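A, B, ... follow the sequence lines: proteins, then strands. Residue 1 opens every chain. Here the structure is a predicted model, which is why all the values come from computation and not from measurement.
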There are 2 protein chains.
Amino acid sequence: MATGRTHRPATRSRGIPEATVARLPLYLRALTGLSERSVPTVSSEELATAAGVNSAKLRKDFSYLGSYGTRGVGYDVEYLVYQISRELGLTQDWPVVIVGIGNLGAALANYGGFASRGFRVAALIDADPAMAGKPVAGIPVRHSDQLEEIIRDNGVSIGVIATPAGAAQQVCDRLVAAGVTSILNFAPTVLSVPDGVDVRKVDLSIELQILAFHEQRKAGEDVRDVAAPPPTTVAQDGASSRPAGAGARTDREGPDDELPAVMPA
Amino acid sequence: MATGRTHRPATRSRGIPEATVARLPLYLRALTGLSERSVPTVSSEELATAAGVNSAKLRKDFSYLGSYGTRGVGYDVEYLVYQISRELGLTQDWPVVIVGIGNLGAALANYGGFASRGFRVAALIDADPAMAGKPVAGIPVRHSDQLEEIIRDNGVSIGVIATPAGAAQQVCDRLVAAGVTSILNFAPTVLSVPDGVDVRKVDLSIELQILAFHEQRKAGEDVRDVAAPPPTTVAQDGASSRPAGAGARTDREGPDDELPAVMPA
DNA sequence: CCATCTTTGTGCACGCGTTCACAAAGACAT
DNA sequence: ATGTCTTTGTGAACGCGTGCACAAAGATGG
């Protein structure tokens, strides 16, 4: 998963726990699958398995939305799809702009999961003049000079940032100033935004690092000696203030470290 | 953030809380930034701000790794970079395969944040014969027939799935059978894996849906009447078992609903 | 109409994560 | 050497999220 969520104490909107909100899209996906196969009803047990969660958790999650099940039977698939869609705000149309049309931006523009859930790509924006006019996913790329104009004309409130890290904050500021109040950030930077603006971030390399941690643990059962000396004792073996082991990474990374280097932006 | 994590009770490896592990890459990024600017030391306050977290949380996180700070001064940047890198397992080389070379797969292959953190793209794999041999990010794409061979020859333990949803489970099974024990899944499906295999998932559309929820709340302060009737009472207004409102989404989505449609795979 | 059986909805307890607030540790000046 | 000042490391309290286990609700069959 990408990690994410901002520092704010998790809006806690009208009693629906943030953790539940994060799972609703999961349920929705499982439910639309069932809907396509014309399954009329599901039990919490079946749906929970399909969504990869615990059935008790699922029932509790649904209880925050209301009593939509029928005891002894289960949940009506179509009805639940509608209710969750409505709760998530997917019954209305959300115009979205994607800024930074590199590989990632193009992948996002082509992503089918957006359009089918009420998200409409209003515009693709890139800072490279050479990109302007070039169609990506059937939509012509527009130059970032027109960013504010595009936001206002289309009433865009959600922006996706897929630029290099260096440009992200600046793009973010412009989006916010133009009226965007929700941002999905793919650039590896911490964005600072005013109150009232939501930011979620997806960091590709963070997920991989978390996997590496667990992978190391798994392997470390055997090679404990080399891999993991007790960290509490490490501080003692060197000088206390400027330890000897510093900078031991063999390959020092260049300044491109934080750059996705994926998108020309 | 991308969401993610699997049902398993969060390995809880050697006392380092999962939540802390998930933040270590964040600290590492902030620290490498400071390192490049040759900043020798940071206080927990400064670093916390740079990483976008609370300073108490940061100190507690570091306390799980050991006592690496100096009271009255702060933390030695280089030393901390090394310690976190080591803890995350980034001081060793992790060969990775990416399966599914569409737009997203290509974006991942080009992503600079991988190589700089000890991840090496051992191979790009795609099921489309037309892709075979074509270089992406300087690496020739190989056909998925060779998947097992590639995994074994390179000792790959981490796999990235960027295929359409329909192919994901099958690819996953083959990866696992060939020896992969950590999977980063970008396909919108719940993967089932045997014990001992870690899965993290990144779902682009889920993040957007969560944003839409909060966006709706923000807007809903005004248009309460239409947007959010009390859900507990909704169940009463229709028939109890098969409610009237079902299927009210105007645009029914096709079967491509779950398909990223991004990558030919 | 009653009994049985299935499945929901939730009260409760527990554990993890977050935050506060402060004592202890050390740097630095005198 | 002693005092002051800064900043860490952590004990303790709190709140959220999870999962168990069960009572209530309703369907279904006789």
Side-chain angles (χ1 to χ4, degrees), chain A residues 3 5-13 15-24 26-27 40-49 51-77 79-80 83 231-232 235-236 239-242, chain B residues 3 5-13 15-24 26-27 40-49 51-77 79-80 83 231-232 235-236 239-242:
Chain A
T3 12
R5 187 161 316 169
T6 344
H7 26 73
R8 201 141 9 88
T11 325
R12 203 61 158 83
S13 321
I16 300 182
E18 192 61 23
T20 295
V21 173
R23 278 189 296 267
L24 290 181
L26 226 58
Y27 303 143
T41 59
V42 265
S43 68
S44 61
E45 199 66 54
E46 294 168 318
L47 185 54
T49 304
V53 300
N54 176 309
S55 72
K57 196 188 296 190
L58 178 142
R59 287 198 299 277
K60 182 147 292 194
D61 283 342
F62 286 174
S63 78
Y64 292 116
L65 307 183
S67 284
Y68 292 152
T70 307
R71 299 177 191 227
V73 177
Y75 298 91
D76 182 278
V77 172
Y79 186 51
L80 207 46
Q83 289 299 342
T232 43
Q236 304 171 356
S240 59
S241 58
R242 202 64 72 85
Chain B
T3 13
R5 187 161 315 170
T6 343
H7 26 73
R8 199 139 11 89
T11 326
R12 205 60 159 83
S13 324
I16 299 184
E18 192 61 24
T20 296
V21 173
R23 279 188 295 267
L24 289 182
L26 226 58
Y27 302 144
T41 59
V42 264
S43 69
S44 62
E45 199 67 53
E46 294 168 318
L47 185 54
T49 305
V53 301
N54 176 307
S55 71
K57 195 188 296 189
L58 178 141
R59 286 198 299 276
K60 180 144 289 195
D61 282 343
F62 286 175
S63 77
Y64 293 115
L65 308 183
S67 284
Y68 293 153
T70 307
R71 298 179 191 223
V73 176
Y75 299 90
D76 182 280
V77 172
Y79 186 51
L80 207 46
Q83 289 299 342
T232 43
Q236 304 170 356
S240 60
S241 58
R242 203 64 73 87

Find the distance between [atom1] ([X]) and [atom2] ([Y]) and round it off to the nearest 0.5 Å.
X	Y	atom1	atom2	value
A/L47	A/T41	CG	OG1	11.0 Å
B/Q83	B/D76	CD	CG	10.5 Å
A/R59	A/S43	CZ	OG	9.0 Å

Going 5' to 3' through nucleotides 8-14 of chain C, assign each nucleotide B (protein heavy atom under 4.0 Å from a base atom), S (under 4.0 Å only from sugar-phosphate atoms) or - (no protein heavy atom that close). BBBBB--
Please report the shortest heavy-atom distance between A/G15 and A/Y64, naming the atom on each side.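 The answer is O-CD2, 4.1 Å.
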Shortest non-hydrogen contact from B/S55 toward B/A48: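 Taking B/S55 first and B/A48 second, the nearest heavy atoms are CA-CB, 3.5 Å.
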Measure from [atom1] on [X] to [atom2] on [N] and round the result to the nearest Å.
X	N	atom1	atom2	answer
A/L58	D/dT18	CG	C1'	13 Å
B/E18	C/dT18	CD	C1'	16 Å
B/L65	D/dG9	CG	C1'	13 Å
B/R23	C/dG17	CZ	P	8 Å

Check for me whether the distance between the ring centres of A/F62 and A/Y68 falls short of 6.0 Å.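 Ring centroids of A/F62 and A/Y68 are no less than 6.0 Å from each other.
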Let's see if you can work this out: which of C/dT19, D/dT18, D/dG17 has an atom nearest to the side-chain heavy atoms of B/K57?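 The listed nucleotide nearest to B/K57's side chain is C/dT19.
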